[in-house]
Amino acid sequence: MIEAKNIVLSINGKTLLNGVNLTVQPGTFTAIAGPNGAGKSSLLKILSHELTGYKGEVRINNMVAASHSVAQLSAVRAVLPQHSHVQFPFSVKQIVEMGRQHFRNAAKYNQELLDEVMELTGVADWANRNYLTLSGGEQQRVQLTRVLAQVWDQRAFPRYVLLDEPTSSLDIAQQQLIFSLVKKACERNIGVLAIVHDLNQAVQFADHLYFMRNGIIVAQGESKKVFTKPIIEETFCCRVNVYHDPCTDCPYIVPERTTLSTLKTESI
Amino acid sequence: MTTVAITWKQQKVSTIIGILSVALVVVALVALSIGQVTIPVKDIVSVVLYKVGLTTQQPDAIHETVLWSIRLPRIVMTILIGAALAVSGAALQGLFRNPLVEPGLIGVSSGAALAVVALIVFGSNFLFVKAGLGMHLLMPVAAFAGGFASTMLVMKIGQQLGKTNIAVLILGGVAINALAGALMGLVIFYADENQLRMFTFWTLGDLGGATWQKVLITAPVLILSSVWMLTYQFPLNAIAIGEAEAFHMGVDVERVKKSIVFFSALAVGVSVSLAGIIGFIGLVVPHLVRVVFRADNRLVLPASLLGGPVLLLLADLLARTLVAPTELPIGVVTALIGAPFFIFLLVRANHKNDFNIR
């Protein structure tokens with residue numbers, strides 16, 4: 001379990017996170033939603049221990065995150081940032097392999113595992129292609145493959161995957177594919193935490209949902225239960241209507257049309 | 001970089017390394033054989049065998065002197081320097097995630113040159129120099145100190161919230177290079193005729209002053225630092241995706257950074273102390289490897305280690321033979337080849353946006 005307790009983060013006198021509590025259970029998919037600037041990415045960076053200097057405590061599998069070495073951390077959690085800019089022409093296979101590079105000395109490199117993950121995400125056919133020539137969506141899928149490969153092997157302890165808007169540059173078919181892959185990862189005792197912008201997808205796939213605004217958690221709980229009109233309106237300051245889709249047995253929202261004047265004056 | 005070819009043919013690393021090793025041996029033999037006195041390869045073998053003590057057959061006396069006292073130390077030094085410059089270039093390009101970085105650009109060379117020039121001009125006043133503590137020992141130390149200090153300064157300038165801002169870093173390098181150049185100009189004021197000639201050789205590079213003594217003093221440092229940088233293949237690959245990503249994958253990025261900057265300053269600084277500033281080897285060789293083969297550092301680093309000496313030996317061969325009996329400064333030759341190639345890279349990167357330069 002990843003546990004964040006009472007996280008407070010201030011940078012240059014500005015409070016970005018103010019007493020955030022969050023847990024990620026192994027084998028489940030937790031999503032964070034919230035408007036731009038809510039502190040979602042900062043929270044993710046704290047959970048991955050990329051960002052330090054916060055108050056509060058992060059525990060990973062019951063150990064304080066700060067007590068892990070960089071290598072130990074990489075064995076329990078993998079992270080997909082919003083964008084990765086690769087500067088040199090690597091092949092797709094080389095990129096994916098990097099997820100397991102540091103295991104090489106420990107004989108945990110495991111070619112079969114790499115093939116399995118690449119097959120699963122559908123990048124196996126491009127293995128020898130130049131990463132720089134792929135489209136944005138394809139590159140994103142390759143990066144996700146790399147991230148999954150890092151924690152894919154069954155271990156005695158649960159592993160975690162932290163994703164920062166994994167579907168931001170993808171079309172709807174690709175988005176569905178990515179979330180199905182995420183669910184597959186959950187089956188391997190991997191806990192997934194993702195920042196998700198598309199609320200309908202968040203409620204459709206996530207087991208647990210957090211709503212964030214201005215550095216605090218507005219609401220959290222089982223996805224379908226917290227996915228309500230008042231909570232969403234409070235989080236996003238935007239009028240929405242919530243409907244029910246019988247096909248997926250999921251609620252979905254349609255934002256109300258806003259005019260510029262209502263955007264400015266309305267505060268809920 | 002090979003955007004034309006959609007699918008790459010993946011040559012085995014061992015095959016490529018094998019080919020480059022053979023190329024190095026061949027080029028080294030050619031370089032040993034060609035010069036004002038042409039020495040056939042079989043004579044090279046017999047001289048070396050005689051000197052090592054494996055045969056008692058006395059070889060041709062002139063061949064022996066030319067080869068053993070002049071050409072062989074020069075070739076060995078050229079190989080060591082070529083390897084040091086190319087590996088440093090490859091490692092720094094990988095570390096800074098920028099294909100345009102070379103040791104010269106981030107201040108290593110000019111810092112080292114400034115320190116050495118200052119030592120040449122003012123060193124004779126120092127007590128320990130008067131006491132006979134050789135310049136041979138002091139020059140590498142000064143070069144390393146100067147190279148390391150200026151690189152650290154450039155890195156500090158490029159730091160932004162604990163991360164390296166490449167654009168600022170490169171601009172910082174430009175500034176430090178300009179400053180070092182100006183300070184060298186000031187030092188020249190105090191130089192006498194003799195020192196001035198020494199200084200000119202320095203800024204253009206000169207492999208001619210090789211002696212066994214110099215080679216033996218600096219070889220351990222050059223070999224150690226070059227080979228040490230080879231061990232960063234995996235971290236550098238991860239850093240190619242991004243510093244944050246590398247951290248996520250278990251790479252202690254800050255430690256890697258410090259270590260590579262330290263060892264490249266050591267390698268380049270000592271090279272500069274031996275032969276002055278030799279530009280473009282550190283830039284061109286890693287690029288050639290990436291253009292011809294691929295960007296994987298598991299190949300780029302060892303291939304640069306072998307390719308650097310090959311290219312520098314060839315450049316030195318040209319420098320020695322083109323205007324014989326005199327010599328062109330090696331820096332002139334490498335820049336004549338390197339600068340057009342650099343322009344080609346820039347134009348190509350600009351057209352294809354291949355490098356994702358940001």
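Convention: sequence-line order gives letters A, B, ...; per-chain numbering from 1. Keep in mind that this is a model prediction, so the values were computed, not measured.
Considering every non-hydrogen atom in both B/Glu245 and A/His83, the closest pair reads OE2-O, 3.7 Å. Shown here for B/Asn237 and A/Met98, the closest heavy-atom pair between the two residues is O-SD, 3.2 Å. Of all the heavy atoms in B/Met249 and A/Ser74, the pair that sits closest is C-CB, 3.4 Å. Nearest heavy atom pair, residue B/Ala295 against residue A/Phe88, reads CB-CB, 3.7 Å.
Atom CD of A/Gln94 is separated from atom CG of B/Leu299 by 9.0 Å, given to the nearest 0.5 angstrom.
Annotation: salt bridge (Lys or Arg N to Asp or Glu O under 4.0 Å) contacts of A/Arg59 (sequence neighbours excluded): A/Glu57. Take A/Tyr160 and apply the ring pair (Phe, Tyr, Trp, His ring centres under 6.0 Å) test, not counting sequence neighbours, and it matches no residue.
The environment of NZ in A/Lys55 is sparse: at most 12 heavy-atom neighbours from other residues, nucleotides or ligands sit within 6.0 Å. In A/Glu112, the CD atom is not crowded: 12 or fewer heavy atoms of neighbouring residues, nucleotides or ligands sit closer than 6.0 Å.
Within the cation-pi definition used here (under 6.0 Å to the ring centroid, within 45° of the axis), A/Arg77 qualifies as a partner of B/Phe247.
At least one side-chain heavy atom of A/Gln143 sits under 4.5 Å from a side-chain heavy atom of B/Ile241.
Here the side chain of B/Arg97 pairs no donor or acceptor atom with the backbone of A/Val86 at under 3.5 angstrom.
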